[in-house]
Protein chains: 2
Amino acid sequence: MTVLSRSAMEKSLPLLSTAIGHKLRRAQLLVFQDFHETFASLKLRPTEFAVLALIATRPGQKQTEIAEQLSIKRANFVALMDCLENRGLAERRKGDIDRRSHSLHLTEKGERFVEKMTQLWRHHEARIVRRLGGERNSELLIDLLDTLLGSESNIEAHQPEKQAAASS
Amino acid sequence: MTVLSRSAMEKSLPLLSTAIGHKLRRAQLLVFQDFHETFASLKLRPTEFAVLALIATRPGQKQTEIAEQLSIKRANFVALMDCLENRGLAERRKGDIDRRSHSLHLTEKGERFVEKMTQLWRHHEARIVRRLGGERNSELLIDLLDTLLGSESNIEAHQPEKQAAASS
DNA sequence: TATTGTTATACTCTATAACTATA
DNA sequence: TATAGTTATAGAGTATAACAATA
């Protein structure tokens, strides 16, 4: 339909269709849009989802630890955690050794919430995987993104079952 | 180093390491961080880069057309375009036929700016491609992202030279 | 009446500095 | 002195409604 203008061909201008950052941003917005629709009933934002997932996976971590894993400034984490605490999903406990720190835990209600959340999450992920054309492409994408991200995001000890795409 | 907690293994909680949206967001932030460092000298943001690239590729498009291609609300596009116009890089011209609309063009200064911008952009992209492990992985990633994005982003008539990953 | 560009506004996300209480 | 959490605040980015000029 749309044809590249002569001026663009001649001067080899930046094409957004080849700009990795631009494509990543659009893809992320698309996935987050699906996330918002999926989790509208639970009134859960991506960041809140991530916080609950991290607390559930390893309870007792300090606020700053959770915040750092998500690249959230500790100042901005406060309101986020206030919200989860006000909803009765998670709680802060005074550290016994270091009484400055708060260790984070799920409440019982939070545990049940995470179970529901996990169900919805599987549907959401399945939808994205389908859009990507299947598990194989999905794993390929994650491997490529991990390669791009480098060593910064191996928190949960992800075991690659197949050779990463980067090794070729 | 870090080991997955027993609770996470037993209940199969959401692992952020397998959450596509989460990885896409982190990857996008990493690429945009490099973008910011690369274009700090030109005081150019990703969105401004995209607008200039679109105007340069096909001059004369209306504000709303450019805005829509970038998923920017036309109300928010005004200040953005004001900025580019105040810097003398681009200009609005009253449409001859439809005098409500403004067609967008680069100034001569804007043309020169886009040339410099393009140089920096190549360095930026090359850095990302290197981080990804080479051209092959880069093309693979773009194909996967295009598959995810579907038909929404084929504005510049990107010609896939090899079979898309999605076809397997 | 509908559309283009615009203004005003509000809400979210993010970033920084400074405070408090503990260490 | 340094650190964990907090508060306040400012700056982006984004969303909606309403208006003027034009179709």
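The sequence lines fix the lettering, A, B, ..., with proteins before strands; numbering per chain opens at 1.
- A:Gln33 meets the side chain to side chain contact (heavy atoms under 4.5 Å, CB included) test with A:Glu37; sequence neighbours excluded.
- C:dG5 atom C1' lies 17 Å from atom CD of B:Gln61, rounded to whole Å.
- Cluster membership check: B:Leu148 shares its hydrophobic cluster with A:Leu149, using side-chain heavy-atom separations under 4.5 Å among Ile, Leu, Val, Met, Phe, Trp and Tyr.
- Less than 4.0 Å separates DNA chain C from at least one heavy atom of each of the following residues of residues 84-94 of chain B: B:Arg92.
- Following rounding to the nearest Å, A:Asp82 (CG) and C:dT12 (C1') show an atom-to-atom distance of 16 Å.
- Nucleotide C:dT22 holds its C1' atom 15 Å from the CD atom of A:Gln63, rounded to whole Å.
- Under a 4.0 Å N-O distance rule, the pair A:Lys109/A:Glu111 does not qualify as a salt bridge.
- The stretch residues 72-80 of chain B touches DNA chain C through B:Arg74, B:Ala75, B:Val78, each having a heavy atom under 4.0 angstrom from the strand.
- A search for salt bridge (Lys or Arg N to Asp or Glu O under 4.0 Å) contacts involving A:Arg130 returns nothing, not counting sequence neighbours.
- Applying the salt bridge (Lys or Arg N to Asp or Glu O under 4.0 Å) criterion to A:Glu85, with sequence neighbours excluded, gives A:Arg92.
- Under 3.5 Å, the side chains of A:His105 and A:Thr107 contain no donor-acceptor pair of N or O atoms.
- Not counting sequence neighbours, B:His102 has no partner by the ring-ring contact (aromatic ring centres under 6.0 Å, His included) test.
- Listed by chain and residue number, B:Asn76 satisfy the side chain to side chain contact (heavy atoms under 4.5 Å, CB included) test with B:Lys73 (two or more places apart in sequence, or in another chain).
- Judged as a salt bridge (Lys or Arg N to Asp or Glu O under 4.0 Å), and not counting sequence neighbours, the contacts of A:Arg100 are A:Asp98.
- Think of the region where chain B sits on DNA chain D: with heavy atoms and a 4.0 Å cut, that region ends 5' and 3' at D:dA12 to D:dA23.
- Near DNA chain D, defined here as any heavy-atom distance below 4.0 Å, the residues from residues 96-104 of chain B are B:Ile97, B:Asp98, B:Arg99, B:Arg100, listed numerically.
- Atom pair B:Arg25:CZ and C:dC13:C1' shows a separation of 9 Å (rounding to whole Å applied).
- Shown here are the side chain to side chain donor-acceptor pair (under 3.5 Å) partners of A:Thr38, two or more places apart in sequence or in another chain: A:Asp34, A:Arg127.
- A:Ser71 and B:Arg26 share a side-chain donor-acceptor pair at under 3.5 Å.
- Ion pairing between a basic and an acidic side chain is recognised when a charged N comes within 4.0 Å of a carboxylate O; B:Arg122 and B:Glu125 show no such pairing.
- Applying the side chain to side chain contact (heavy atoms under 4.5 Å, CB included) test to A:Leu42 and every residue at least two apart in sequence or in another chain returns A:Phe39, A:Leu44, A:Phe113, A:Met117, A:Leu120.
- Between A:Arg45 and the phosphate of C:dC11, there is no side-chain N or O to OP1/OP2 separation shorter than 4.0 Å.
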